[in-house]
Amino acid sequence: MRNPGNDHVILIPQRSLFLVPFATLQDATGKFLIEQHTISISPSIQVLDITYKLRKKSGASKNSDSNLIVGNPTMPKIVTQVGEPAEELPPLPGAEQEAKAIAQIFQTKALIGANANKSRVIQQMSNSTLVHLATHGLLSDFRGLGVPGAIALAPDPTVQGQASIEENGMLTASEILDLKLNAELVVLSACNTGRGKITGDGVVGLSRALVAARVPSVVVSLWAVPDEPTALLMTEFYRNIQHQTDKASALRQAMLTTMKHYPYSLDWAAFILIGQP
């Protein structure tokens, strides 16, 4: 008897279809697509080929198992409306608990609060096999370079009083483009990290920037994610990864487990895997 989920489907959506939560599509019997298949996404055949080569290269050159787990950094201040003073982003205690739980799985220590400052995170990202960032994700093109998206990190201690977005804790997609990472997997456990500028080749934003920075597998979200279901999904995802190398299958199983506790698709279907399964 065929085991549901063994069939791996790689989807290459066009334009706004990139934002469709394919896992939630249902057949005539009401079964979700994720219950029948393992799913991953790629912006194009060319990107799929690039990520395949990146995965082979990272596997061959892998010399460490260092993991970077970040949760609830001391939040930076940003200007949300023109003419208004900068406001500090609200803290995310749920993201902190999520990061600590994941760090325990990998027997490491999460960077929390002021320890998760931008300079330290960038430095450790360059040498980490796995990167998990549980914080705020923003859609704005802060640097005006046509690559929207940013991740909130703690401001560096020496520049907290400065207004520059690059120096005040925001790691932008355009900055990520300039990085050379060695990670096999980067997970952006934050709201809307899979969104960005829609083009003929998919979404230009954080996920595309990470692939350009040589990351073969990226997990991002399509909408604002709730704390408790996300924490469950992410801890299950990493437990599954420890027992199987296929990241897409690990995400599928985590979705199915989360679905049992939180049946609404808004709670379990936000995250997608882009690149290599």
Side-chain angles (χ1 to χ4, degrees), residues 54-75 91-137 151-154 171 176 179-190 193 210 213-221 225-258 260-261 268 271 273 275-277:
L54 285 171
R55 186 178 67 173
K56 287 187 67 176
K57 186 176 180 181
S58 66
S61 61
K62 182 178 176 181
N63 53 20
S64 72
D65 284 316
S66 60
N67 301 314
L68 171 61
I69 315 295
V70 173
N72 192 26
T74 300
M75 293 299 169
L92 297 171
E96 180 172 335
Q97 295 305 313
E98 173 189 321
K100 288 179 177 178
I102 292 167
Q104 191 171 19
I105 291 172
F106 289 105
Q107 298 182 333
T108 187
K109 188 174 182 179
L111 293 182
I112 304 294
N115 288 326
N117 65 67
K118 182 176 175 180
S119 294
R120 178 179 293 179
V121 170
I122 289 176
Q123 181 183 19
Q124 293 194 22
M125 282 179 74
S126 300
N127 302 311
S128 297
T129 303
L130 163 70
V131 177
H132 180 93
L133 304 178
T135 180
H136 282 292
I151 291 293
L153 299 171
L171 177 60
I176 292 172
L179 300 179
K180 292 183 179 179
L181 303 179
N182 295 304
E184 296 179 1
L185 171 66
V186 173
V187 177
L188 301 182
S189 183
T193 50
L210 285 164
R214 307 192 308 194
V215 180
S217 303
V218 179
V219 174
V220 291
S221 65
V225 291
D227 283 353
E228 292 184 9
T230 298
L232 173 61
L233 185 142
M234 286 299 169
T235 52
E236 287 295 318
F237 173 58
Y238 288 117
R239 287 193 184 101
N240 294 336
I241 280 181
Q242 288 192 315
H243 294 97
Q244 55 194 38
T245 56
D246 186 337
K247 301 172 185 68
S249 296
L251 183 58
R252 173 181 180 268
Q253 289 298 330
M255 284 185 171
L256 295 179
T257 299
T258 306
K260 294 176 182 177
H261 299 272
W268 56 262
F271 289 95
L273 175 67
Q276 286 301 302

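Bear in mind that the values here come from a model prediction, so they are computed numbers and not experimental data.
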* **Residues, nucleotides or ligands: over 12 heavy atoms within 6.0 Å of Gln107 CD** => no

* Examine the side chains of His261 and Glu228 and answer whether a donor and an acceptor come within less than 3.5 Å of each other. =>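 There is no such pair (donor and acceptor under 3.5 Å, judged by atom type) between the side chains of His261 and Glu228.
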
[X] side-chain N/O to [Y] backbone N/O, donor-acceptor pair under 3.5 Å:
| X | Y | value |
| --- | --- | --- |
| Asn72 | Ala95 | no |
| Thr235 | Leu232 | yes |
| Thr129 | Ala183 | no |
| Gln242 | Ile105 | yes |
| Thr74 | Ala154 | no |
| Asn115 | Leu111 | no |
| Thr108 | Ala103 | no |

* Intermediate values then yes/no, side-chain contact (heavy atoms from CB on, under 4.5 Å), Leu233 and Val225 -> CA-CA 11 Å; Leu233 185 142; Val225 291; over 6 Å; no

* Structure fact -> The residue among Leu68, Val131, Ile151 that forms side-chain contact (heavy atoms from CB on, under 4.5 Å) with Val121 is Leu68

Heavy-atom distance under 4.5 Å between the side chains of [X] and [Y], does that happen here?
| X | Y | result |
| --- | --- | --- |
| Thr230 | Met234 | yes |
| Leu181 | Leu210 | yes |
| Arg239 | Glu236 | yes |
| His132 | Asn67 | no |
| Asn240 | Arg252 | no |
| Val219 | Leu185 | yes |
| Lys180 | Arg214 | yes |

* Check the pair Val187, Phe237 against side-chain contact (heavy atoms from CB on, under 4.5 Å), reporting the backbone distance first and the verdict last. => CA-CA 11 Å; Val187 177; Phe237 173 58; 4.0 Å; yes

Search all heavy atoms of [X] against all heavy atoms of [Y] and return the closest pair with its distance.
| X | Y | result |
| --- | --- | --- |
| Thr193 | Leu188 | OG1-O, 3.2 Å |
| Ile241 | Ala250 | CG1-CB, 3.7 Å |
| Leu92 | Thr135 | CD1-C, 3.4 Å |
| Met75 | Ala152 | SD-CB, 4.1 Å |
| Ala134 | Pro73 | O-CD, 4.2 Å |
| Asn127 | Ser66 | O-OG, 2.6 Å |

* Walk me through it: do Leu171 and Met125 pass the test side-chain contact (heavy atoms from CB on, under 4.5 Å)? => CA-CA 12 Å; Leu171 177 60; Met125 282 179 74; 4.0 Å; yes

* **Evaluation steps, side-chain hydrogen bond (donor to acceptor under 3.5 Å, both in side chains), between Ser189 and Glu98** => CA-CA 9 Å; Ser189 183; Glu98 173 189 321; 2.7 Å; yes

* **Trp268/Leu256 under side-chain contact (heavy atoms from CB on, under 4.5 Å): CA gap, chis, key distance, verdict** => CA-CA 8 Å; Trp268 56 262; Leu256 295 179; over 6 Å; no

* **Approximate separation, where rounding is to 0.5 Å, of Leu251 CG and Ser217 OG** => 11.0 Å

* Structure fact -> Here the gap from Ser249 atom OG to His243 atom NE2, rounded to the nearest 0.5 Å, amounts to 14.5 Å

